[in-house]
Amino acid sequence: MDSVLYIQIQLEKMTTDTLKEPELIKKINPWIILGLLLILYFFIIIKTPNVLTGDELFYYDQAQNIRGGTLSYFDNTQPFGFPLLIAGLGTDNIMLLRLFNAAIFIIGLYFLYKITAHLSNKSAGLLALLIAGLAKFSVQTSTLLLTEPLFVLTTFAATWYFIKTLDDNHTKNYLFLGFWLILAIQTKITNLVLPIAFALYILAYTPKKFTFKFITTLTISLASLIPYLILTQGKFLVEKIALENTEILPDPLFFIVSTIFYFTIPFIILILFTAFFYKLESKERILTTLALTYLVLLFVSKTILFPRHLFPFFLFVLPLISISIIKQKERLRIIGLIIVSLFLIINIVTLPQLPEFDDNNYFFNVPSNCIQLKNFEIQTGENITLPYFAQPTKTLYKYTTTFFSDIPLDVISLNYADDFVAQLTLDRTDYVQGLLSGTSYSSKNFYFNNKVSPGYHTLSISIINSINIGGLGQVLLCEDKTKSLDLN
């Protein structure tokens, strides 16, 4: 009996030594790190061109329309949360909107820190903060006008208050949980993973916590999606899980390799490190439940997959990685910290390259050697102003206009021509006729056979919208076909 007691005492002592925190760590205020991260994001944002890239245009245009009193395109995009938020700021300034978005991300990182520190200690929390805050994929999304920052805030705030309900059955914790769940679900459809994962966790590990308060909180949060589903007739949600949407990346091996390099090899090693050496405690299983539930829903959804779609998964496992490293014996902990250091070095070195722009960009400052066409007539007889993304799914629309140019023209650039250009005619010359040109993920540039002389011209563009949001974002005609749309 004495030998068993001695072994137990030694094991407890070893655990205590492993988790013992230096005095310096105890004195660090996480808001100092968060403030420095916000300053870093600020410098990235102020050097970002006055150009919208990728999905930024959709959210920006929705916000502009909301301020004008209309709800647009929501049957093909995420729920109301993010566009409503940026519309409520009352400014069109892209830099200010991006700065606000970065601040939202910083607050979300604070909740990530709180969760990690609560489950382990301050060292693990600060480690998670550094990894999440300096990761290239985090910085890229948090310095642009994308939904990821609001996703991070609402997701980890909801998870924090879910953990609080497990500790304390007080009604206020359920009220906060419901509030953040509603905001999360209104931010991204994928946040439906939260109530599902929370319910699965309680049923699997703490069934006694499956109380009336918890059921009511989940029910109300899910019911908050009803107005969006009624307005859109559930179109976007159905398209996310529709069986006919089988355009999954055709090469799984390429997807895996591109994902590894997107998140960097050291980060993948950290996940393997955690999986091999880490024994989960009870409450920490909420994070694995979130991660695995998200993966299952992602791959079952039959949607197009890109490495960035795994961003939530990596955030869910990040606290586990940090806790795992801190909990290890000294040698393993040093190995883990070395891998973290490599990850941070790789990401810090690449930060000067940010922001990275997609191939689809919307230019606010039109170059002097270009003209922009905004007013078109579509085949329904309606006069529309670009950007226009109300073209129904599985339709072909013809956009026509007559314009005057006082400069000779070499090239026409179509931005956000979703999904395909089926026909393009300038005056009587066809540059695309009966062929699908380009993809919805990149701008389409068409070079004229001969320089187009100044004067009046008629332009006709036919766009096929095969699925989801569709239409035409921006039409630019330029004299210089090499430097006209330079982002630098």
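With a 4.5 Å cut-off on side-chain heavy atoms, Leu112 and Pro319 count as touching. Side-chain contact check for Ile269 versus Leu342: every heavy-atom pair is 4.5 Å or farther apart. Looking at Pro312 and Thr155, their side chains never come closer than 4.5 Å, going by heavy atoms from C-beta outward. Looking at heavy atoms from C-beta onward, Tyr228 lies in side-chain contact with Thr232 at the 4.5 angstrom threshold. The shortest distance between side-chain heavy atoms of Asp92 and Tyr60 falls below 4.5 Å. Within the 4.5 Å cutoff, the side chain of Leu315 has heavy atoms near those of the Phe151 side chain. Contact of the Leu166 side chain with the Tyr201 side chain is registered, since non-hydrogen atoms from C-beta on lie closer than 4.5 Å. Side-chain atoms of Ser324 and Phe273, non-hydrogen and from C-beta on, do get closer than 4.5 Å to each other.
Aromatic ring orientation, Phe105 versus Tyr41: tilted (interplanar angle from 30° to 60°). Note: Phe263 and Phe267 have tilted aromatic rings, judged against thresholds of 30 and 60 degrees for the angle between ring planes. Ring geometry, Phe214 versus Phe162: the interplanar angle falls from 30° to 60°, so the pair is classed tilted. Taking the six-membered ring where the residue is Trp, Phe389 and Tyr416 present perpendicular rings, their angle passing 60° and hence far from 30°.
Around NZ of Lys122, the count of heavy atoms belonging to other residues, nucleotides or ligands within 6.0 Å exceeds 12. Counting heavy-atom neighbours within 6.0 Å of Lys374 NZ, excluding the residue itself, gives a total above 12. For Phe364, the CZ atom counts as densely surrounded, since its 6.0 Å shell holds more than 12 non-hydrogen atoms of other residues, nucleotides or ligands.
The backbone N or O of Asn173 sits nowhere less than 3.5 Å from a side-chain atom of Lys164 that would complete a donor-acceptor pair. Judged purely by atom type and a 3.5 angstrom limit, Thr293 uses its side chain to pair as donor or acceptor with the backbone of Thr289. For Asn347 (side chain) and Phe343 (main-chain N/O), a donor-acceptor pair under 3.5 Å exists by modelled atom type. Side chain of Thr70 to main chain of Ser72: no donor-acceptor pair is present (N/O by atom type, distance under 3.5 Å, no hydrogens or angles). A donor-acceptor pair is defined here as one N or O able to donate and one able to accept, closer than 3.5 Å; such a pair exists between the side chain of Lys47 and the backbone of Leu354. Not one N or O on the side chain of Thr395 forms a donor-acceptor pair closer than 3.5 Å with the backbone of Gln391. When atom types are taken as modelled, the side chain of Asn191 and the backbone of Gln186 share no donor-acceptor pair closer than 3.5 angstrom. One N or O on the side chain of Ser322 and one on the backbone of Ala128 form a donor-acceptor pair closer than 3.5 Å. Remark: the backbone N or O of Gln372 is not paired with any side-chain donor or acceptor of Gln474 at under 3.5 angstrom. The closest donor-acceptor contact from the side chain of Thr401 to the backbone of Asn375 lies under 3.5 Å.
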Walk me through it: do Phe74 and Phe80 pass the test ring-ring contact (aromatic ring centres under 6.0 Å, His included)?
-> CA-CA 7 Å; Phe74 283 102; Phe80 312 119; 4.9 Å; yes
For Thr53 and Asn361, run side-chain hydrogen bond (donor to acceptor under 3.5 Å, both in side chains): C-alpha distance rounded to whole Å, both residues' side-chain angles, the deciding distance at 0.1 Å, then the answer.
-> CA-CA 4 Å; Thr53 186; Asn361 300 299; 2.8 Å; yes
Begin from the C-alpha positions of Gln62 and Thr77 and carry the test side-chain hydrogen bond (donor to acceptor under 3.5 Å, both in side chains) through to its verdict.
-> CA-CA 10 Å; Gln62 283 180 317; Thr77 63; 2.7 Å; yes
Any chance you could lay out the side chain to side chain contact (heavy atoms under 4.5 Å, CB included) test for Ser138 and Phe311, step after step, and finish with the verdict?
-> CA-CA 8 Å; Ser138 293; Phe311 178 63; 3.7 Å; yes
So Leu295 and Leu310, side chain to side chain contact (heavy atoms under 4.5 Å, CB included) or not? Walk me through it.
-> CA-CA 8 Å; Leu295 278 185; Leu310 289 173; 3.5 Å; yes
List the steps, then state whether side chain to side chain contact (heavy atoms under 4.5 Å, CB included) holds for Ile463 with Leu396.
-> CA-CA 6 Å; Ile463 303 292; Leu396 184 150; over 6 Å; no
Worked verdict on Leu153 versus Trp180 for side chain to side chain contact (heavy atoms under 4.5 Å, CB included) | CA-CA 9 Å; Leu153 170 58; Trp180 287 110; 3.9 Å; yes
Begin from the C-alpha positions of Glu148 and Arg308 and carry the test salt bridge (charged side-chain N to carboxylate O under 4.0 Å, His left out) through to its verdict.
-> CA-CA 10 Å; Glu148 276 73 11; Arg308 62 182 172 84; 5.0 Å; no
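Looking at Lys136 and Glu356, a side-chain N of the basic residue comes within less than 4.0 Å of a carboxylate O on the acidic one, giving a salt bridge. Under a 4.0 Å N-O distance rule, the pair Glu377/Lys398 does not qualify as a salt bridge. Contact check on Lys327 versus Glu284 returns a salt bridge, with a Lys/Arg side-chain nitrogen under 4.0 Å from an Asp/Glu carboxylate oxygen.
Contact detail for Phe82 and Thr147: the closest heavy-atom pair is CD2-CG2, 3.7 Å. In terms of heavy atoms, Tyr397 sits closest to Thr380 at OH-CG2, 3.9 Å. Between Ile44 and Thr48 the shortest heavy-atom distance is O-OG1, 2.8 Å. Residue Pro149 comes nearest to Ser142 through the heavy atom pair CG-CA, 3.7 Å, listed as atom of the first residue, atom of the second, then distance. Between Tyr73 and Pro387 the shortest heavy-atom distance is OH-O, 3.8 Å. Contact record, Pro195 with Ile185: CG-CD1, 4.2 Å, taken as the closest heavy-atom pair.
Atom-to-atom distance recorded for Leu37:CG and Phe42:CZ is 15.0 Å, nearest 0.5 angstrom. Rounding to the nearest 0.5 Å gives a distance of 9.0 Å between OG1 of Thr143 and CG of Asn101. Atom CG of residue Leu297 and atom CD1 of residue Ile196 lie 5.0 Å apart, to the nearest 0.5 angstrom. Distance CZ/Arg285 to OG1/Thr206: 11.5 Å, rounded to 0.5 Å. Going from atom OG of Ser224 over to atom CG of Leu229 covers 9.5 Å, rounded to the nearest 0.5 Å. Atoms CD1 and CG, on Ile384 and Leu386 in that order, are 4.5 Å from each other to the nearest 0.5 Å.
For the residue pair Thr171/Lys213, the side-chain donor-acceptor check at 3.5 Å is satisfied.
A ring-centre distance under 6.0 Å is not found for Phe313 and Tyr294. Between Phe156 and Phe111, the ring center distance fails the sub-6.0 Å criterion.
A side-chain hydrogen bond (donor to acceptor under 3.5 Å, both in side chains) with Tyr174 holds for exactly one of Thr165, Asn169, Thr216, Thr217; it is Asn169.
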